[in-house]
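Report on one structure; see the data block that follows.
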Amino acid sequence: PNYEENRGWFHPTVLNKLVVLKGLIWEEELKVRDTLALAFFSILRDCSSLPMRKPYTYIADNVKPKPEDIVERDVLKIYLEKSKKLTAGRVAYEEQCTELMREQGISPQEFNQWLVVKKADARHLSEEISSTVDCVVTSPPYMGVTDNAGAHRLWYLWHDFGSTLQEDKMLEIGPRWKRKKQNLEQEYIEDMSKSLQQIVAVLKDGGYLCLIIGEPQRAKADILQEIVSLARKRLDLDVCRTYRRTIHKKWFAHPTGGVSVEHIAVFQRS
DNA sequence: CGGGCACCAGTCCTATGCGA
DNA sequence: TCGCATAGGACTGGTGCCCG
């Protein structure tokens, strides 16, 4: 881990415990390592000295605790709770997979060929999978709402994900840190346009795209209309249905901004 | 059954950097 | 030095769940 930077976020005792914990997890056999590693990453925020009562977008900005605010946390307790939940989730998933294999009468080897996980920028998808996909379901970033890289800033201190936080931050579509930029909307629509072009390219003829789009109240333009007209005019997509749902602000009531409306749009490649 | 507290695709304000 | 644009920091407050 990056000790120098981590000392600004974690109590020394917490830091030592996390180092030992990570060592133990990474020695585990592959079958369980990923689940436990996910638990490890997801407890970093709670083990840090950041105040507990903060919205998650808050850590998107660089708010390192002051030295006098560094506090100790019960690493083992937090880890055990999290890993228990995630392991239960994994077991339930495995049971569903087993059931599916039995229903379909296929072997685990065949089943594994159904599932491929790849990491890629939606604006530059692989040509290998061109015209092979039946359906794409995606919830792209809402414009100017969240810094997804920054919200995981602590993860980058513990693992090399192949790119730096700064690099990933610059690649994000419509991030929170650009929320005051005058051409935010233009940039967002351009990036969404690139992504949609790539999605259309991987879809089979007649394949479907389901898009979930948030409508930030501060947005000047009608984001859904922009996307729909883009899909109609410049891409080979027909609009099948659009649903509109209002977000009930039961957790967080604000008189002005926020995301109050979400659209679910279903397109078909013509 | 009621008080406290975690939760939240939050907002608002100001320091900073840069060009004229 | 001023004005503008942006990055970063400080902070709200209602709802439901949990626990005594």
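As the structure is a computational prediction, the values presented were derived from the model and not from experiment. Throughout, a chain's letter reflects where its sequence line sits, starting with A, and its residues are numbered from 1.
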Exercise for the section: Can you label the angle between the A:Phe161 ring and the A:His159 ring as parallel, tilted or perpendicular, going by 30° and 60°? Expected result: perpendicular
Practice task
Inspect the contact between A:Asp147 and A:Lys169 and indicate whether a charged nitrogen and a carboxylate oxygen are less than 4.0 angstrom apart.
Solution key: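 Between A:Asp147 and A:Lys169 there is no salt bridge, as every charged N stays at least 4.0 Å from the carboxylate O atoms.
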Handout entry: Candidates B:dG10, C:dG8, C:dA7 - which lies nearest the side chain of A:Lys169
Key = C:dG8
Exercise for the section: Write down the distance separating the C1' atoms in C:dT12 and B:dC5, rounded off to the nearest Å. Expected result: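 Each nucleotide's C1' atom is 15 Å from the other's.
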Could you state the [atom1]-[atom2] distance from [X] to [N], rounded to the nearest angstrom?
X        : N      : atom1 : atom2 : result
A:Arg176 : B:dG10 : CZ    : P     : 10 Å
A:Arg73  : B:dA6  : CZ    : C1'   : 13 Å
A:Tyr142 : B:dC8  : OH    : P     : 15 Å
A:Leu184 : B:dA9  : CG    : P     : 19 Å
A:Glu81  : C:dC18 : CD    : P     : 13 Å
A:Glu172 : B:dA9  : CD    : P     : 17 Å
A:Tyr188 : B:dA9  : OH    : P     : 16 Å
A:Met170 : C:dA7  : CE    : P     : 8 Å

Problem - Residue pair A:Glu99, A:Arg102: steps toward the salt bridge (charged side-chain N to carboxylate O under 4.0 Å, His left out) verdict - result: CA-CA 5 Å; A:Glu99 177 68 16; A:Arg102 202 179 52 76; 2.9 Å; yes
Exercise for the section: Carefully, step by step, assess A:Arg90 and A:Glu94 under the rule salt bridge (charged side-chain N to carboxylate O under 4.0 Å, His left out). Expected result: CA-CA 6 Å; A:Arg90 199 198 73 222; A:Glu94 281 172 0; 3.2 Å; yes
Practice task
Look at all strands and tell whether A:Pro175 reaches a base, only sugar-phosphate, or nothing, counting heavy atoms closer than 4.0 Å.
Solution key: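 It contacts nothing in the nucleic acid.
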Exercise for the section: Go ahead and name the base partner of B:dA9; Watson-Crick or wobble counts if both distances stay under 3.5 Å, otherwise write none. Expected result: none
Fill in the blank from the handout: Re C:dA7: Watson-Crick or G-U wobble partner, both distances kept under 3.5 Å, found to be B:dT14
